[in-house]
Enquirer: 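Pasting a structure below so you can have a look.
Both backbone and side-chain heavy atoms feed into the values below; hydrogens, waters and symmetry mates do not.
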Amino acid sequence: MSVSIPSLASVPLQRLDLPWLRAADVQLAVLRLDLVDPELSGNKWFKLIHHLAAAQDSGASGLISLGGPHSNHLHALAAAAKRYGLGSVGLLRGNPQQTATVEDLQRFGMQLHWLGYGGYRERHRADFFDTWRERYPGYYSVPEGGGGLAGALGCVPLVNHVQTRLAALGWTDYEGWWLAAGTGTTLAGLVIGEAQRRGKTVHGALAGPPSHGVADEVSRLLRDAGIADSGYQLIDACRGGFGRFDEPLARFLLETETLSGVPLEPVYTAKAMMALRLYAGRGYFAAGTRLIFVHTGGLQGRRAAEAQLEALLR
């Protein structure tokens, strides 16, 4: 089965009308990548597309990658491997545990290996995958989060897709993008896609602290693509750390979902939207600014957060 670019035909660009947007005179349209595919939701499908093609071109029999016990990336990779008749191996952070995501990975046929926390920190070593390739010969290794230049290039078509949908909104143009940034791969893809256009800033709301190295990774990806290291801004939106959330965020998530009908999750999309509210409220954007918010999916991971969200909202 050949790998094809995920269809964007049914993915809406949806206007969002919220009180704080009206107060700031900012117009926002949400690119609903959460609706791309029920199993390969959000930006993950796009980050994987070139990796999948490279795996098939090399005659690989499977895919191997790494992530946490709630990883959206591993969830999409395992689903894609099953769909395309490939084996899959997941190298997981921490000690063995059963989560809704882990259950899905097992259902998709992924072979799991728990690395502990020290073992997972070794993933930045240049020879990290060597041992695993020896153990699983013929398997194609995919970087954490579906990253690398291949992952970024898979997100470039999102720029042209948005261009084709502007007329339906009554827009002729827009001023910038806003999205959650985990590894920075999708952000880099949008910067590459916008490289021939002027004035389109891509704002990345960091889901983890700046010390996680997203700035360096984005610079490296743009350098590898031969693109100037500009056209974007990184914003600390982590609220104390990756995967951490508090009562204000939980209430903002629930309120935004109720008013908009757009589902969010607390690790990426709700933090990104909340950071946008803060910037809009402080007058960061000129009146009449039009922005594209990328819904990066990740809703499968929300299952693990439901109990904590409910506790925060009591």
Enquirer: Consider only side-chain heavy atoms of I, L, V, M, F, W and Y, link residues closer than 4.5 Å, and tell whether Y232 and L153 are in one cluster.
Expert: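 Result: yes, single cluster for both.
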Enquirer: Look only at the side chain of K271 and the backbone of G208, and say whether a donor-acceptor pair between them is shorter than 3.5 Å.
Expert: no
Enquirer: As a quick check of understanding, evaluate side-chain contact (heavy atoms from CB on, under 4.5 Å) for L206 and H212, giving each step before the final call.
Expert: CA-CA 9 Å; L206 293 171; H212 280 193; over 6 Å; no
Enquirer: Can you give me every donor-acceptor pair (side chain of residues 273-294, partner residue at least two apart or in another chain, under 3.5 Å) with its distance?
Expert:
unit_1, atom_1, unit_2, atom_2, d
Y284, OH, Q233, OE1, 2.4
T289, OG1, A286, N, 3.4
T289, OG1, A286, O, 2.6

Enquirer: How many angstroms lie between atom CG of L166 and atom OH of Y174, to the nearest 0.5 angstrom?
Expert: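 Separation between the atoms: 6.5 Å.
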Enquirer: Before you tell me yes or no, could you show the steps for T296 and L33 under side-chain contact (heavy atoms from CB on, under 4.5 Å), namely the whole-Å CA-CA distance, both residues' side-chain angles and the distance that decides it to 0.1 Å?
Expert: CA-CA 6 Å; T296 49; L33 296 186; 5.7 Å; no
Enquirer: Do side-chain atoms of E265 reach the backbone of Q300 as a donor and acceptor pair under 3.5 angstrom?
Expert: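 Not confirmed, E265 side chain does not pair with Q300 backbone.
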Enquirer: Taking W177 for the side chain and K200 for the main chain, is one N or O donor matched with an acceptor at less than 3.5 Å?
Expert: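 No, because the side chain of W177 does not come within donor-acceptor range (under 3.5 Å) of the backbone of K200.
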Enquirer: Which atoms form the tightest heavy-atom contact between A80 and L52, and what is the distance?
Expert: CB-CD1, 4.0 Å
Enquirer: Taking L234 as the starting point, is it possible to reach L222 by hopping between hydrophobic residues whose side chains are less than 4.5 Å apart?
Expert: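 Yes, L222 and L234 fall within the same hydrophobic cluster.
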Enquirer: Roughly how far apart are L253 CG and E255 CD, rounded to 0.5 Å?
Expert: 10.5 Å
Enquirer: So, taking the atom named CD in E39 and the one named CG in D104, what distance separates them when rounded to the nearest 0.5 Å?
Expert: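 Reported to 0.5 Å precision, the distance equals 8.0 Å.
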Enquirer: Taking atom CZ of R121 as the centre, does the number of heavy atoms from other residues, nucleotides or ligands within less than 6.0 Å exceed 12?
Expert: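 No - once you tally the heavy atoms of other residues, nucleotides and ligands closer than 6.0 Å, there are 12 at most.
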Enquirer: If I take atom CG from residue L221 and atom CD1 from residue I192, how far apart are they, to the nearest 0.5 angstrom?
Expert: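 The CG atom of L221 sits 7.0 Å away from the CD1 atom of I192.
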Enquirer: Counting only N and O atoms by type, is there a donor-acceptor contact under 3.5 Å from the side chain of T183 to the main-chain atoms of G147?
Expert: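 Not at all, since once roles are kept as given, no pair shorter than 3.5 Å links the two residues.
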Enquirer: Tabulate below the donor-acceptor pairs under 3.5 Å that side-chain atoms of residues 108-117 make, not counting sequence neighbours, or state none.
Expert:
unit_1, atom_1, unit_2, atom_2, d
H113, NE2, Y136, OH, 2.6

Enquirer: Without swapping roles, check the side chain of K47 against the backbone of T186 for a donor-acceptor pair under 3.5 Å.
Expert: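 No, because the side chain of K47 does not come within donor-acceptor range (under 3.5 Å) of the backbone of T186.
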Enquirer: Run the salt-bridge test on D216 and R220 with the 4.0 Å N-O cut-off and return the result as yes or no.
Expert: no
Enquirer: Taking all non-hydrogen atoms of both residues, which atom of A188 and which atom of A152 are closest, and how far apart?
Expert: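 So the minimum-distance heavy-atom pair works out to CB-CB, 4.2 Å.
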Enquirer: Keeping N95 on the side-chain end and Q97 on the backbone end, is there a donor-acceptor pair under 3.5 Å?
Expert: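 No, N95 side chain to Q97 backbone: no donor-acceptor pair under 3.5 Å.
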Enquirer: Tell me if a side-chain donor or acceptor on R165 pairs with a main-chain N or O of V11 at a distance below 3.5 Å.
Expert: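 Looks like yes, one N/O pair under 3.5 Å.
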Enquirer: Minimum heavy-atom separation for A195 and I227, please, with both atom names.
Expert: CB-CD1, 3.8 Å
Enquirer: Does S41 reach the main-chain N or O of P38 with its side chain, forming a donor-acceptor pair under 3.5 Å?
Expert: no
Enquirer: Do L77 and V89 share a hydrophobic cluster (ILVMFWY, side-chain heavy atoms under 4.5 Å, transitive)?
Expert: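 Unlinked, L77 and V89 end up in two clusters.
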Enquirer: Flag yes if V191 and I235 sit in one hydrophobic cluster, no otherwise; membership is Ile, Leu, Val, Met, Phe, Trp, Tyr, and two members link when side-chain heavy atoms are under 4.5 Å apart.
Expert: no
Enquirer: Once you round to the nearest 0.5 Å, how far does NE2 of H51 lie from OG of S65?
Expert: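 Here the rounded value is 8.0 Å.
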Enquirer: For residues F252 and Y268: do they belong to one hydrophobic cluster (side chain heavy atoms under 4.5 Å, members Ile, Leu, Val, Met, Phe, Trp, Tyr)?
Expert: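 Looking at the clustering, Y268 is in a separate group from F252.
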Enquirer: For H295 and L264, which heavy atoms make the closest approach, and how far apart are they?
Expert: NE2-CD2, 4.2 Å
Enquirer: I need the F129 CZ to L91 CG distance, nearest 0.5 Å.
Expert: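 Rounded to the nearest 0.5 Å, the CZ-CG separation comes to 6.0 Å.
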